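Reviewing the structure listed below.
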Amino acid sequence: MSETALRNESATATALPAKEDRVQWLLESIQRNRFLPQPAPDSVFVGDGDFKAVGAEFLGHFIRMGGLQPESRVLDIGCGIGRMAVPLTQYLDLEKGRYSGIDPVEGGIAWCRRFITPAYPHFAFQRVDIAHDLYNPKGKISGKALKLPYADRHFDFVIMTSVVTHLPPDEVLIYLSEVGRLLKSGGRLFMTAFVVDPIAATNETGRRDTRLAFQRDGDGPCWFVPELPPLAAVGFDDGFLDNALRRAGLTTALKSFGSWRGQQADHYQDVFVAEYRGGGR
């Protein structure tokens with residue numbers, strides 16, 4: 001190996017830990033930052049856990065697993081009350097980065113517009129009146145006829161955390177089709193889900209989250225928790241989401257099972273990272 005190659009290899013080896021050190025420093029600083037906006041605990045209507053800690057954790061996943069860059073244009077589908085948006089304010093470049101959050105619940109959008117956008121004008125929030133049995137039962141837009149209000153090939157990175165875990169399969173196909181339309185060439189989707197494969201279904205480890213005793217709905221592909229409303233927690237047959245991503249023109253770059261199923265993992269839900277590799281912007 002040449003001296004130049006050795007030098008390049010050494011530089012790469014030291015650059016990766018250095019980058020990880022910066023990411024870890026950023027995540028820790030976000031959790032310590034008492035000036036970042038944070039809603040009252042009783043206002044966090046979607047998701048459990050510490051608001052700031054969960055947001056910082058996911059920012060780490062977006063960077064490490066999804067390859068999110070500071071200059072990215074980001075779409076956060078189901079942004080809620082800003083759990084993902086707040087930590088992203090500390091990462092996305094003020095001049096080049098852009099964030100768009102959408103949600104059907106007016107309260108969350110109103111909070112984000114009041115407490116995030118004035119300090120971070122490159123962060124925009126919009127209510128889209130999508131009907132949902134739990135979160136927006138009187139919504140005027142059917143999830144089966146969804147058309148998101150953005151131009152084709154507009155985004156570099158799309159976030160769908162805890163979205164398909166609350167959707168029926170026909171709507172999942174529509175949402176992913178829209179993601180395939182919106183992503184630029186090389187753009188990525190970061191999506192969380194519950195994938196019910198035989199190991200998760202039979203709870204072979206005996207350590208699966210006791211709240212998620214999924215049972216298959218007829219011939220599938222859905223799995224529901226009997227004690228809960230059907231869309232409170234939705235799992236899917238292993239392979240359904242993989243095929244849905246392909247139908248939307250997306251290529252799966254990463255599929256990582258989460259700790260909910262009773263295995264060791266640094267994330268709770270299962271994670272998909274998928275890429276649009278078509279031409280044009």
Side-chain angles (χ1 to χ4, degrees), residues 46-47 55 58-59 61-63 65-106 108-109 111-113 116-117 120-130 132 135-136 141 143 145-167 171-193 241 244-245 248-254 269 271-278 280-281:
V46 178
F58 269 95
L59 176 58
H61 296 329
F62 300 153
I63 298 168
M65 302 171 73
L68 177 66
Q69 299 298 312
E71 63 273 14
S72 295
R73 285 181 175 266
V74 176
L75 173 63
D76 187 1
I77 299 175
C79 66
I81 200 165
R83 190 191 296 263
M84 305 302 155
V86 169
L88 281 165
T89 63
Q90 305 303 292
Y91 181 72
L92 291 183
D93 184 86
L94 182 63
E95 299 297 328
K96 297 179 180 179
R98 291 291 182 271
Y99 171 98
S100 299
I102 62 169
D103 201 90
V105 181
E106 179 61 38
I109 294 297
W111 186 90
C112 291
R113 285 175 170 170
I116 298 177
T117 302
Y120 305 97
H122 55 316
F123 277 64
F125 299 87
Q126 181 173 352
R127 184 187 182 223
V128 180
D129 194 19
I130 308 167
H132 191 280
Y135 300 121
N136 194 32
I141 302 171
L146 180 65
K147 178 81 170 178
L148 294 175
Y150 305 102
D152 295 2
R153 312 292 163 231
H154 188 69
F155 293 100
D156 303 293
F157 199 86
V158 175
I159 298 168
M160 290 178 66
T161 56
S162 296
V163 174
V164 302
T165 55
H166 302 291
L167 291 179
E171 294 188 20
V172 170
L173 298 177
I174 299 299
Y175 274 73
L176 293 183
S177 176
E178 279 293 275
V179 172
R181 176 180 70 82
L182 295 173
L183 279 174
K184 298 178 182 180
S185 181
R188 288 188 158 193
L189 165 68
F190 184 102
M191 178 177 73
T192 67
L241 292 171
L245 289 166
L250 302 172
T251 300
T252 299
L254 173 71
Q269 293 184 10
V271 169
F272 288 81
V273 176
E275 186 172 304
Y276 175 73
R277 298 177 179 174
R281 287 181 177 266

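Because the structure is a prediction, the values reported are computed rather than measured.
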Query raised in the report: Taking side chain as C-beta onward, heavy atoms only, is Phe190 less than 4.5 Å from Val271?
Result: yes
Query - From CD1 (Ile102) to CD (Gln126), nearest 0.5 Å - result: 7.5 Å
**Report entry** Val179 vs Leu75 side-chain heavy atoms within contact, under 4.5 Å
**Finding:** no
**Report entry** Side-chain donor or acceptor of His132 paired with backbone N/O of His166 under 3.5 Å
**Finding:** yes
Requested in this report: Decide yes or no for Ile63 and Tyr91: does some side-chain heavy atom of the first lie under 4.5 Å from some side-chain heavy atom of the second?
Outcome: yes
Query raised in the report: Any donor-acceptor pair under 3.5 Å linking the side chain of Thr192 with the backbone of Ser162?
Result: yes
Report task. Check the pair Met65 / Leu254 against side-chain contact (heavy atoms from CB on, under 4.5 Å), numbers first and verdict last. Result -> CA-CA 8 Å; Met65 302 171 73; Leu254 173 71; 3.6 Å; yes
Query raised in the report: What do the steps show when you test Asp156 against Lys184 for salt bridge (charged side-chain N to carboxylate O under 4.0 Å, His left out), and what is the final call?
Result: CA-CA 6 Å; Asp156 303 293; Lys184 298 178 182 180; 3.7 Å; yes
Query raised in the report: With side chains defined as the heavy atoms from C-beta onward, is the minimum distance between Met191 and Val163 less than 4.5 Å?
Result: no
Report task. Please answer whether the main-chain N or O of Leu183 pairs with a side-chain N or O of Arg153 as donor and acceptor at a distance below 3.5 Å. Result -> yes
**Report entry** Side-chain donor or acceptor of Asp76 paired with backbone N/O of Gly101 under 3.5 Å
**Finding:** no
Query raised in the report: If you measure from OG on Ser72 to CZ on Arg98, what distance do you get to the nearest 0.5 Å?
Result: 12.5 Å
Query - Point-to-point distance, once rounded to the nearest 0.5 Å, from NE2 of His122 to CG of Leu88 - result: 9.0 Å
Query raised in the report: Any side-chain heavy atom of Phe58 within less than 4.5 Å of one from Pro87?
Result: no
Report task. Look up atom CD in Glu171 and atom CD1 in Ile130, then write down how far apart they are to the nearest 0.5 Å. Result -> 8.5 Å
Query raised in the report: Measuring from Phe123:CZ to Thr89:OG1, what's the distance to the nearest 0.5 Å?
Result: 5.5 Å
Query raised in the report: Where do Arg188 and Ala253 come nearest, in terms of heavy atoms and distance?
Result: NH2-CB, 3.8 Å
Query raised in the report: Any donor and acceptor pair, going by atom type alone, linking the side chain of Arg127 with main-chain N or O of Pro104 inside 3.5 Å?
Result: yes
**Report entry** Minimal non-hydrogen separation, Val164 against Ala193, with atom names
**Finding:** CG2-CB, 3.8 Å
Requested in this report: Quick one: pull up CZ in Phe157 and CG in Leu182 and give me the separation to the nearest 0.5 Å.
Outcome: 14.5 Å
Query raised in the report: Are side-chain heavy atoms of Ile81 and Ile109 found at a separation under 4.5 Å?
Result: no
Query raised in the report: Is any side-chain N of the basic residue among Asp152 and Arg181 closer than 4.0 Å to the acidic one's carboxylate O?
Result: yes
Query raised in the report: Can you check whether Val128 reaches Asp103 side chain to side chain, under 4.5 Å on heavy atoms?
Result: no
**Report entry** Validation row: Leu241, Phe272 side chains within 4.5 angstrom (heavy atoms)
**Finding:** yes
Report task. Evaluate the ring planes of Tyr99 and Phe125, with Trp represented by its six-membered ring, and classify them as parallel (under 30°), tilted (30 to 60°) or perpendicular (over 60°). Result -> tilted
Query raised in the report: Would you say Ser185's side chain and Gly278's backbone share a donor-acceptor pair under 3.5 angstrom?
Result: yes
Query - Verdict with supporting geometry, Val74 and Phe155, side-chain contact (heavy atoms from CB on, under 4.5 Å) - result: CA-CA 6 Å; Val74 176; Phe155 293 100; 5.7 Å; no
Query raised in the report: With no hydrogens and no angle check, is any side-chain donor or acceptor of Glu71 less than 3.5 Å from a backbone partner on Gln69?
Result: no
**Report entry** Exam field: side chain Asn136 to backbone Val105, donor-acceptor pair closer than 3.5 Å
**Finding:** no
